[in-house]
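Protein chains get the first letters and strands the later ones, always in sequence-line order, with residue 1 at the start of each.
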Amino acid sequence: MNKTIDREDIIGARVAKLDAPEKVTGRTRYINDMVLPRMLRAKIFRTDRVHAKILKIDTSKAEALPGVVAVITGVDAPDGKIGVIKDNPPLKKDKVRCIRDELAAVAAETEEICDAALRLIEVEYEDLPPVFTCEDALKPGAPVIEVDRPDNIAMAQDFSAGDIAEGEKASDHIVEGKYNVHYVTHCNMGVSCCLADISVDGKVTLYSQSQYPYIMKMDLAPALGIHPGDLRIIQPPVGGAFGSKLDVYPYEPICVLLARKTGRPVKLEFSREEEFIASPTRQPVEFRIRAGMTSDGIFTFRDISTLLNNGGYTSWGATTPYVTMRTCSSHYVVPHIRYSARAVYTNNPYAGSFRGYGNVQATWMLETHVDKMAEVAGLDPLEIRLRNANQPHSMTPQGSNLGCIDLVGCIKISAEKSDFLKKWNAYSAQWDNGERYKRGIGIATSLHNAGGAKIHKSDGCGTILTMDDYARVTVMTGASDIGQGSDTVIAQIVAQELGVPLRDITVINNDTALGPWDVGVHASRTTYIAGNSAKRAALDARNQILAAAEKQSNVTADQLDLRGGHVVQADNGEVVIETGRLLRQMHFAGEDAKLVMATDYYEPPTEPEDENHMGDMSAAYSHAAHVAEIIVDTHTGEIEIEKIWSVQDVGKIINLNGLEGQIEGGIAMGIGYGLHEDLKIEKGIVQNPAFRDYHVVTAPEMPPIDMAFIETDDHEGPAGAKGIAELPTIVIAPALGNALYNATGVRIDHPPLNPEKVARAIWERSNKNDAE
Amino acid sequence: MPHKVDIAFTLNGRPVAAAVPVSASALQVMNRDFDLTSAKLACGEGECGACTILLDGVSRNSCLTPGVDLDGRDVETVEGLWTGNGMDLLQDAFVEAGAVQCGFCTPGMVMQAKFLLAPGKKLTRDHVLRGLEGNVCRCTGYHKIVDAIVAASGETS
Ligand code: FES
Ligand code: FES
């Protein structure tokens, strides 16, 4: 009898990331590390005003500095603008609208010379009246920021379903609230950096940290005055992105313009201070909500209006309402909905996309509010959520079929594991016991798209798969891996279909001249969309191999399998032929010669929203629940997180290591959002542009996390998987806020829950109690 | 031309020499004079640990260490832990534990971990969490990094 090989399942295993060995040995080359021959360095001259007319920019002294090769201003740039509604000229000529504004840029032999040259640039301004809040910017006669928008409204979204008046009639209680969520920023460890190179015939190669390289070509080309086809984006590994690179920002066209002016490669890298000031932020939002319920705590209506401080220009922050709206309309069952959003120009910095995208903000508001409603209804936090929970395969007011979700499971398991109810009852009885340290426990949940989001005409991803004579596989995918581990997931999916070891697979994803199209890495879509495309390409290759094997043996293709680098009989694992050998035979077969290659373009079965915001824009949806137990020092206001329980519907686990890593990392980011991260902006100026004053979570602050996963097995997802990486960042902050209330009786509606705020609120509460 | 100073030191086990500007940081010296890019500039202010190296066995933020201070010292970077053969046990542990995402903090983390492991004792999670306080990671949530270091400490003790 021949050798036999058992079936091995690599889906769901704990797999080491393919890029990890290069990274732990310091061999990975980020753009920040790259040097090309004759490369120049570049720096941007930014304004120190928030709203001013530019009268004169004098760069003559900078140009005369030895070592300076080129200085450019807006007059050297094409007229094309960037941003979601094309309101942002990369180099400003006429007026500045916020603190980061780019007025000039220098290319020189060294960074030191660039810095010296920047100090020699002189600008004359005429200050204009500034405006910093939405409220002020909406007043009649307010300063106008963008001439084309005299009302200062950059973007508006409205949705309604049912009839609010009817909802009010059906309500026994109406609970109102106001929540302002703040500015935070990505803090990628690798600062923004790009490197541009121009060919003799005017084509542009840009080494970029972009998360959406294919669409970027279209967005960037007008600012360069070239055809999008003449732009090639290469994506070396990036030091984190988290949504921050989902748009074109001025530094990239500026870098290309300098390369074009000098005919030399130019690299432009931010300082950390610049990263804080000149990167997009998370979108701040002012929420107003009125929500009704019956005496049994059954939700009747939700009326939510939001104002978004748009800052001086319009990037993806202004579009976050598309996601905020989904949570507001569809998280829990609510028959009558009204939602509105206005993004309002001000002279503040502007926001972009950031992991959780509009849902971090929405979930803070909604999950805090639901806890308040529970109290009014006399229900515990679990009961109100369970009574109103979304059910599998239900239809949302915006026309999404939620498919195989399990919100109820998420709530029940997290509550059971944390012994929630017992603790919750005990802790809320201790508010006034005079103890300094108080315990609290809180829960929050959310709903998020988990199978892409069709915000463009296509939400697809392509794959080109080839196999060589030794059964080594090259997978060219459109998907971008920004450190989250999608290359490894794609390799696992392909390895499973083709029965080859993981190390025999090379994933290439970093060059728009090689890879097929993809929308970009956002919306928790890569595992789902790119994974599906890779799976379909691998299946195609598998069928080609098995068809050839069928010809060679007397076994039909459907009774063959690929395992451990061999073609085997599916029933008993008996080896038929080594896969590499079969591939060579196929290759060197004279006139019948055939190479195994496969291409695929996967377009998920979804639809873009129509003008009424109706449409099933994601191929899958998912929920998570987080429970947080905390200890509050009522004297200092400090919150220590004792433990977090996280339960998430993941569809199906593909790489357990990667999944846990995304959950932990997402929670760390969400803790920062909830407890202390705060980009302080006063009169348009960033007050804390340094790690020492902007507090990201450090190792000793990370609590233990107990994780559980629910496998709902999505019928469309690759091997049943769903996208998972945003929910952990979305859910944790309101769980912390709800725990604070459970511990102290103090509610803080506007995050972060920093010690000053918490201590003051506790003090105010005890003063009030004393007075009564 | 900034004033330059001649220095000589041991870099990843080999003697080296360079003439460095007095204004250059150790990080710049390693990057510009020796083409080492593992230690990363992520803040330049001693606030993130991405630039961590070992100086006479002690972890230091190389962005704040003057380059001239390297003179006569023993300097180690991540590049010294892998020279074409097997990876260091600690590096293996990072790979296996899933301690790496974008990887930008990783070389600094590995060097800080080397420092924590130097006494050769089995480390507790708490000890490691506190020992990593100066090393920021924006991706991982730290636990998997701690898993790696604790696992490696078991092996080396
Ligand atoms: S780069 Fe040295 S501590 Fe951040
Ligand atoms: S792995 Fe990205 S910063 Fe640590």
Side-chain angles (χ1 to χ4, degrees), chain A residues 14-17 19-30 32-35 112 186-191 237-242 269 271-273 275 482-485 655-658 660-669 671 690-692 696-702 704-705 728, chain B residues 2 23 31 35-48 50 77-82 87-88 90-111 125-126 128-146 148:
Chain A
R14 202 176 268 290
V15 169
K17 272 176 82 214
D19 54 353
E22 293 295 299
K23 286 176 172 173
V24 294
T25 49
R27 289 165 45 80
T28 300
R29 264 176 235 106
Y30 302 85
N32 313 67
D33 304 320
M34 281 178 63
V35 179
E112 286 79 1
H186 305 74
C187 292
N188 306 321
M189 288 305 287
V191 289
V238 302
F242 308 111
E269 184 177 24
S271 67
R272 176 57 64 185
E273 184 184 14
E275 186 78 11
I482 50 173
Q484 82 278 29
N655 181 0
L656 190 51
N657 252 356
E660 290 171 347
Q662 286 303 306
I663 307 263
E664 285 175 6
I667 286 176
M669 208 167 241
I671 290 174
F691 278 134
R692 83 181 150 271
V696 298
V697 173
T698 61
E701 295 165 314
M702 255 328 259
I705 302 170
Chain B
S23 58
N31 189 313
D35 270 348
L36 297 182
T37 57
S38 73
K40 299 279 183 249
L41 178 68
C43 73
E45 296 174 332
E47 298 288 337
C48 77
T77 71
V78 153
E79 282 93 347
L81 298 185
W82 182 81
M87 280 193 291
D88 189 88
L90 182 60
Q91 292 173 313
D92 257 328
F94 266 65
V95 172
E96 288 308 315
V100 181
Q101 288 186 29
C102 83
F104 211 79
C105 72
T106 306
M109 287 284 181
V110 171
M111 294 320 282
R125 291 193 76 82
D126 266 358
V128 176
L129 282 166
R130 268 181 281 119
L132 295 179
E133 182 162 21
N135 290 71
V136 174
C137 175
R138 192 57 160 166
C139 300
T140 63
Y142 303 101
H143 282 305
K144 294 200 171 296
I145 297 173
V146 177

Rounding to 0.5 Å, atoms CD (A:Gln662) and CD (B:Gln101) come to a distance of 5.0 Å

Carefully, step by step, assess B:Phe94 and A:Lys23 under the rule side chain to side chain contact (heavy atoms under 4.5 Å, CB included). CA-CA 10 Å; B:Phe94 266 65; A:Lys23 286 176 172 173; over 6 Å; no

By side chain to side chain donor-acceptor pair (under 3.5 Å), which residues pair with A:Asp33, not counting sequence neighbours? B:Lys40

With a 4.5 angstrom heavy-atom cut-off, is it the side chain or the backbone of B:Thr106 that approaches chain A, or both, or neither? side chain

Strictly below 4.0 Å, N to O, side chains only: are B:Glu45 and A:Arg692 in salt-bridge contact? yes

To the nearest 0.5 Å, what is the distance between CZ (B:Arg125) and CE (A:Met702)? 10.5 Å

Non-neighbouring partners of A:Glu112 that pass salt bridge (Lys or Arg N to Asp or Glu O under 4.0 Å), sequence neighbours left out: B:Arg32

OG1-CE distance between A:Thr25 and B:Met87, expressed to the nearest 0.5 angstrom: 7.0 Å

Any donor-acceptor N/O pair, A:Asn32 side chain to B:Leu41 backbone, under 3.5 Å: no

With a 3.5 Å distance limit and no angle check, can you tell me whether A:Arg272 reaches the backbone of B:Ala42 through a side-chain donor-acceptor pair? yes

Sub-3.5 Å donor-acceptor pair from the side chain of B:Tyr142 to the main-chain atoms of A:Ala668, do we have one? no

Region of B:Ala39 in contact with chain A, defined by heavy-atom distances below 4.5 Å: neither

So which residue, A:Ala699, A:Gly483, A:Ala20, ends up with the most heavy-atom pairs under 4.5 Å with chain B? A:Ala699

Interatomic spacing from CD in A:Glu275 to SG in B:Cys43 - rounded to 0.5 Å: 12.0 Å

Rounded to the nearest 0.5 Å, what separates atom CZ in A:Arg27 from atom CH2 in B:Trp82? 4.5 Å

Interatomic distance, B:Cys102 atom SG to A:Gln484 atom CD [nearest 0.5 angstrom]: 10.5 Å

